[in-house]
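Reading through the C-alpha cells given below for one structure.
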Amino acid sequence: MTQFTSPRPLNLKLRKPRNPLVAHALMRQAGKHGHFNTGSSQRQTARRELHKQTLEMTLPDSSA
C-alpha cells in the first residue's frame, strides 16, 4: 500500500470543505410574520367564546 500513497508536507494545512447549506442559512434573518398579535388575539377571543358557549351548554337551567 505504500506505493500508492505519497507523504504530505508537514507545513501544509488543509481546510475542510465548506457546507453549501451553511452559507445560505447564515444569510437568513429572523423577523415577524404578518401583523403583530393579530393571529394570537383572534385565537384568544375565539377560545374565550367557545369556553363561554360550553359553560352555557353544560350548566343546568335555572328556570326550573
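For clarity, every value in this text was computed on a predicted model and none was experimentally measured. FYI, side chains are in, hydrogens and waters are out, and symmetry mates aren't considered; it's all heavy atoms of this structure.
- We find the CG-CG distance between L50 and L55 to be 9.5 Å, quoted to the nearest 0.5 Å.
- Residues Q44 and R48 have side chains in contact (heavy-atom distance under 4.5 Å, counting atoms from C-beta outward).
- For the atom pair E56 CD and H51 NE2, the distance stands at 11.0 Å (nearest 0.5 Å).
- Rounding to the nearest 0.5 Å gives a distance of 10.5 Å between CD of E49 and OG1 of T54.
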